[in-house]
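Given the structure is predicted, the values throughout are model-derived calculations rather than measurements. All values below were derived from every heavy atom in this structure, side-chain atoms included, with hydrogens, water molecules and symmetry-related copies excluded.
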Amino acid sequence: MCRVVDLQQAVLVKNDECAGTLRTELAARGTTVVNLLSSPGSGKTALLEAELALAASRGVPVAALTADLATEHDAERLSRAGVPVKQVLTDGLCHLEADMLRAQLEGWLPDETRLLFVENVGNLVCPASYDLGESLRVVLASVTEGEDKPLKYPTAFGLAQLVVVTKDDIAEAAGFDEDVFRANVRQVNPGVEVVLTSARRGTGVGLMLERALAVAGGERAHRPVMARTASASGVATAFGHTHAHAHAHDGHTHTHPHAPTAGVPARSHS
């Protein structure tokens, strides 16, 4: 009998092969992918909207693809920045995968796009294992989520190439201890840059864009220790992490290795 972990490993190997192909194809056309991961309610949509608007004002050709289980609210918000935006509804799947992203880009992504920001499903568990062909992985956490977030989600933060703290304007009211948060990030991902932002005040807006443009220009992104360790140990997947856990859907609990939902393709809205 095929073990769940074997199935999951096969799924991730297949995903990484697709991600590698997508990364090569996009690089050939001059497009760099930025993968944004966070918990629900982190404020990443608000920050991304501000970053897209700034890019548009500077004449930087950017686009955004945003994924949710339901509603097109985020795409409507992001489109206010005046850049190409596409919404993907995953119909219950808790993360994007490389083949899903590749299918969504065909016939939609403008040829001149320099940066493609992918706003992943709000979840710090499932998306962490899936390479989307990105060249920069950004993990966001708001000051209201607690300083121990990096320790609770070590894979997500351990594989981040940039960590962004959001809602810094309410840090004092939330009792957020920046030093403790930074120490916890260092514990799981030594050397990764941590930046503080507030979309409401405009603090730190533009930093994510600048880092993404630097990578697009050839600067090497931070390589997390966790990724280096996985590579050295010969793990086939790009991120070296496998998991399977239970989900409750329609009143039933299912344990699965995050293989795509058969027969339920992602729906999109251009």
Side-chain angles (χ1 to χ4, degrees), residues 19 22-23 26 31-55 60 62-68 74 78 81 83 85 95-96 98 101 113-143 145 149-150 153-168 181-182 184-186 188-199 203-217 219-227 238-239 241:
L22 179 59
R23 186 180 291 108
L26 290 176
T31 300
T32 296
V33 176
V34 183
N35 187 8
L36 307 181
L37 287 72
S38 79
S39 297
S42 68
K44 72 175 178 295
T45 305
L47 180 61
L48 180 55
E49 181 183 350
E51 297 280 350
L52 294 175
L54 181 61
V60 180
V62 299
L65 183 145
T66 180
D68 273 309
D74 286 354
L78 295 178
V83 304
V85 175
H95 60 277
L96 284 174
L101 177 60
T113 304
R114 188 172 186 192
L115 296 176
L116 170 64
F117 289 91
V118 178
E119 184 180 21
N120 220 312
V121 179
N123 184 336
L124 281 177
V125 179
C126 313
S129 296
Y130 288 86
D131 182 2
L132 297 183
E134 71 263 26
S135 296
L136 182 64
R137 174 174 289 207
V138 182
V139 176
L140 303 91
S142 73
V143 298
E145 294 179 62
K149 202 76 171 183
Y153 299 91
T155 300
F157 283 89
L159 290 171
Q161 294 170 299
L162 176 66
V163 174
V164 175
V165 178
T166 61
K167 305 182 183 181
D168 187 53
F181 181 85
R182 288 181 179 273
N184 290 338
V185 170
R186 285 196 299 272
V188 299
N189 193 347
V192 70
E193 183 181 13
V194 178
V195 299
L196 273 60
T197 67
S198 167
T203 306
V205 172
L207 290 175
M208 190 162 64
L209 176 63
E210 290 174 7
R211 303 302 185 270
L213 286 172
V215 172
E219 183 176 305
R220 184 175 180 179
H222 168 71
R223 191 179 180 203
V225 171
M226 186 179 292
F239 299 117
H241 177 72

Participant: Taking atom CD of Q161 and atom CZ of R220, what is their separation to the nearest 0.5 Å?
Facilitator: 10.0 Å
Participant: How many angstroms lie between atom NZ of K44 and atom CD of E49, to the nearest 0.5 angstrom?
Facilitator: 14.0 Å
Participant: Would you call the rings of H95 and Y130 parallel, tilted or perpendicular, where under 30° means parallel and over 60° means perpendicular?
Facilitator: parallel
Participant: Just so I know, are the side chains of Y153 and V188 near enough to count as touching, which here means a heavy-atom distance under 4.5 Å?
Facilitator: no
Participant: What's the separation between atom CG in D131 and atom CG in L96, rounded to the nearest 0.5 Å?
Facilitator: 12.5 Å
Participant: Any heavy-atom pair between the side chains of S39 and K149 that's under 4.5 Å?
Facilitator: yes
Participant: To the nearest 0.5 Å, what is the distance between CG (L47) and OG (S142)?
Facilitator: 12.0 Å
Participant: What are the two closest non-hydrogen atoms of G204 and T197, and how far apart are they?
Facilitator: O-CG2, 3.9 Å
Participant: If the condition is side chain to side chain contact (heavy atoms under 4.5 Å, CB included), which residues does V121 pass it with, not counting sequence neighbours?
Facilitator: A67, L69, T90
Participant: Sequence neighbours left out, what passes side chain to side chain contact (heavy atoms under 4.5 Å, CB included) with T45? Give chain and number order.
Facilitator: D74, R77, L78, E119
Participant: Looking only at heavy atoms, which two atoms of E134 and N35 are closest? And how far apart?
Facilitator: OE2-ND2, 3.4 Å
Participant: Consider side-chain contact (heavy atoms from CB on, under 4.5 Å). Of V138, L162, L48, L116, which one does V34 pass it with?
Facilitator: V138
Participant: Please output the side-chain donor-acceptor pairs of residues 205-217 that fall under 3.5 Å, not counting sequence neighbours, one pair per line with the distance.
Facilitator:
{"from": "R211", "atom 1": "NE", "to": "E193", "atom 2": "OE1", "distance (Å)": "2.8"}
{"from": "R211", "atom 1": "NE", "to": "E193", "atom 2": "OE2", "distance (Å)": "3.2"}
{"from": "R211", "atom 1": "NH2", "to": "E193", "atom 2": "OE2", "distance (Å)": "2.7"}

Participant: Search all heavy atoms of L159 against all heavy atoms of A227 and return the closest pair with its distance.
Facilitator: CD2-N, 3.8 Å
Participant: Measure the spacing between OG1 of T32 and CZ of R23 and express it to the nearest 0.5 Å.
Facilitator: 10.5 Å
Participant: Could you check whether any side-chain heavy atom of F181 comes within less than 4.5 Å of a side-chain heavy atom of V163, counting everything from C-beta outward?
Facilitator: yes
Participant: Roughly how far, to the nearest 0.5 Å, is CG of L101 from CG of L26?
Facilitator: 7.5 Å
Participant: Testing the basics here: between N189 and A160, what is the closest heavy-atom pair and its distance to 0.1 Å?
Facilitator: ND2-O, 2.8 Å
Participant: Between T203 and L196, is there a side-chain heavy-atom distance shorter than 4.5 Å?
Facilitator: no
Participant: For residues E145 and S42, report the shortest heavy-atom separation together with the two atoms involved.
Facilitator: OE2-CB, 3.6 Å
Participant: Identify the two heavy atoms, one from V33 and one from G133, that lie closest to each other, and give their separation to 0.1 Å.
Facilitator: CB-O, 3.9 Å
